[in-house]
2 protein chains.
Amino acid sequence: MGTHSVNNPWVRKLRLFAEVSVDDERFLNDLVRNARTMSARQDIISQGDLSECLYVIIEGAACRYKMLPDGRRQIMAFLLPGDSCDVHTFLMKRMDHSIATLVPSRVAVIPRFAILEMTEQRPRLTRIFWWSTMVDEAILREWIVVVGRRTAYERVSHLLWETYLRLAAIDSTSGSSCEVPFNQTDMADTLGLSLVHVNRSVRRLKQEGLISLEGRRLTILDRKRLPAAANFDPDYLHQVEMPISRVAG
Amino acid sequence: MGTHSVNNPWVRKLRLFAEVSVDDERFLNDLVRNARTMSARQDIISQGDLSECLYVIIEGAACRYKMLPDGRRQIMAFLLPGDSCDVHTFLMKRMDHSIATLVPSRVAVIPRFAILEMTEQRPRLTRIFWWSTMVDEAILREWIVVVGRRTAYERVSHLLWETYLRLAAIDSTSGSSCEVPFNQTDMADTLGLSLVHVNRSVRRLKQEGLISLEGRRLTILDRKRLPAAANFDPDYLHQVEMPISRVAG
DNA sequence: CGGATGGTTGAAACCGTTCAAAATCTGTGG
DNA sequence: CCACAGATTTTGAACGGTTTCAACCATCCG
């Protein structure tokens, strides 16, 4: 009935980087027990809040975003099951951005003292945790290249391929298909484009036979040409090379 | 002759976040002794390199950047005296981006074992260090909003004001003037704009009496209207509020 | 003084936006 | 099973911010 160890997406995510001991796993499972159920499009934390807990996505998906005074929105990250708002963040007094669910989700709320306990008593686990935040940062850097120096067509290809790879790493794909956590409006606010132009770029990708996308169901039709269209750098996701060969029995 | 403690910009930078003990200061001063002198426009580390050391800018300035196969460049961060490529980075095997000097610089090269020693024996210092990487990340996130959702005019204003504030925090301004570490081509590659359009936005800022910019000499002529033009969020730099009141005697 | 680097300007072309409307899909309640 | 509202996707047409191309100018420095 309760959460099974193997079903704890946090553990599964961290396993992408290194072995997690049975004891560490128990520790993480305890932390995850009281997960909060949230509906779609709800703030987990809002800009200006004091962040006193660490949030980990157990099920569903969320995004980090910022609003400009006139209503323009920019999404700066997607959080998938096993992802957390970085350890750092909650050490800072005030949030300088918001995090909101994109779909109905379950979010574990981990009190500050538990993390402090971890950093003091579980150095190995802490290091694995660090590693995962490094990858988050690498993604952030790559996104700057995406919005700063890529065309609309490249941007859309890039986001779709990256998302597919990230979902694949946590076993959330079936074959060449997956359920992306965003709609086209979200894509626009992520890529620094207008909704209309995102739609046209998607259309072109469909017409060229690289993808199919119906609602949130994405299917990769050409695993070579899609990343090529994005000018995709195969290196920045670091971890993704392992998980593919990882394939638990 | 040698580097004086008070002149160690690394210590000065970390002092923006919290007290640094005399002993910790000595430790940092030792690390900084053998700084490497570099000319302008030279890679400190290149994409693909194994990063085995931590680099700290002692004098001058550098930038983190990434190239696309066809030569497009995107700058993802400016590193000022006291800044380091994050602790994280050098724990990763391969660099997924490059770091290069922008002007003649001195760069401290700190071996891996020294950092490991620090993280194990100097928890307080390690925490301060962490804090500073948090701010770097916050800047990174803000830059995504800059390139993703702001107009050219806003972007240029934003970069100039942010740079002025960061230089002010490390006592590298004289009154309303400072020496920015980049030229207009660098600005273009930072803001996701063409050189020509950066130039026009700068011209407009001059005409409107918000700034003066001759070569790299920037003077803020209107401390209210410049950040307003940028839609500047006063919060994301977190640390800057302290340093201003800090004013060492 | 000549060569290099960085800044400035004009005109035309283009990529992406904006505005506006229609089509499709989903869930809800009658 | 249908009607209806709300959200999301799709399409067309006109506009405009930004880029590109192509000069020209200024400054620095050996």
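Just so you know, these numbers come straight off a predicted model, no measurement behind them. Chain identifiers are assigned alphabetically (A, B, ...) following the order of the sequence lines, protein sequences preceding nucleic acid strands; residue numbering begins at 1 within each chain.
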**Q.** Among C:dT8, D:dT11, D:dT18, the one nearest A:Val196 by side-chain distance
**A.**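 My answer, after comparing the listed nucleotides, is D:dT11.
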**Q.** Minimum-distance nucleotide to B:Arg203 side chain [options: D:dT10, C:dT18, C:dT9]
**A.**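 Looking only at heavy atoms from C-beta outward on B:Arg203, the closest nucleotide is C:dT9.
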Q: Please give the angle, rounded to 10 degrees, between the axes at the start and the end of the helix from C:dT8-D:dA23 to C:dG30-D:dC1, where five pairs define each axis.
A: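 The value is 40°.
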Between [N] ([atom2]) and [X] ([atom1]): distance, integer Å:
| X | N | atom1 | atom2 | value |
| --- | --- | --- | --- | --- |
| B:Tyr153 | D:dT18 | OH | P | 13 Å |
| B:Leu191 | D:dG17 | CG | P | 18 Å |
| A:His197 | D:dG12 | NE2 | P | 15 Å |
| A:Arg72 | C:dT17 | CZ | P | 13 Å |
| A:Glu154 | C:dC15 | CD | P | 12 Å |
| A:Arg217 | D:dT8 | CZ | P | 19 Å |
| B:Leu213 | C:dG6 | CG | C1' | 12 Å |
| B:Asn183 | C:dG7 | CG | C1' | 10 Å |

Q) A:Asn199 near the nucleic acid: base, sugar-phosphate alone, or nothing, with a heavy-atom cut-off under 4.0 Å? A)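 Counting heavy atoms under 4.0 Å across all strands, the contact made by A:Asn199 includes a base.
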Do [X] side-chain atoms and [Y] backbone N/O form a donor-acceptor pair below 3.5 Å?
| X | Y | result |
| --- | --- | --- |
| A:Thr163 | A:Val180 | no |
| B:Arg94 | B:Gly48 | yes |
| B:Arg149 | A:Leu193 | yes |
| B:Thr101 | B:Pro104 | no |
| A:Arg150 | A:Ala230 | yes |
| B:Asp49 | B:Ser51 | no |

Q: Please check the phosphate of D:dA7 (OP1 and OP2 only) for any side-chain N or O of A:Gln184 closer than 4.0 Å.
A: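 Checking D:dA7 against A:Gln184, no side-chain N or O comes under 4.0 Å of OP1 or OP2.
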Q. Between A:Lys206 and D:dT9, does any side-chain N or O lie under 4.0 Å from OP1 or OP2?
A.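 Negative; the distance criterion is not met.
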**Q.** Whether B:His158 and B:Tyr236 hold their rings parallel, tilted or perpendicular, with breakpoints at 30° and 60°
**A.**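 If you compare the ring of B:His158 with that of B:Tyr236, the planes turn out parallel.
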Q: Say whether B:Glu154 and B:Ser157, considering side chains only, have a donor N or O and an acceptor N or O under 3.5 Å apart.
A: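 There is no such pair between these side chains.
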Q) Which heavy-atom pair separates B:Val146 from B:Leu191 by the least distance, and what is that distance? A)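 For B:Val146 versus B:Leu191, the nearest heavy atoms are CG1-CD2, 4.1 Å.
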**Q.** Selection: residues 155-164 of chain A, any non-hydrogen atom under 4.0 Å of DNA chain C
**A.**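 Per residue number, the list is empty: none.
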Q. Should the pair A:Asp186-A:Arg41 be classified as a salt bridge under the 4.0 Å nitrogen-to-oxygen rule?
A.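 Here A:Asp186 pairs with A:Arg41 in a salt bridge, since their nearest N and O are under 4.0 Å apart.
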Q | Under 3.5 Å donor-acceptor pair, B:Arg216 side-chain atoms to C:dG6 base atoms | A |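 No, no donor-acceptor pair under 3.5 Å.
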Q. Ignoring hydrogens and angles, are the base of D:dG12 and the side chain of A:Arg200 linked by a donor-acceptor pair under 3.5 Å?
A.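 Such a pair is found, so the answer is yes.
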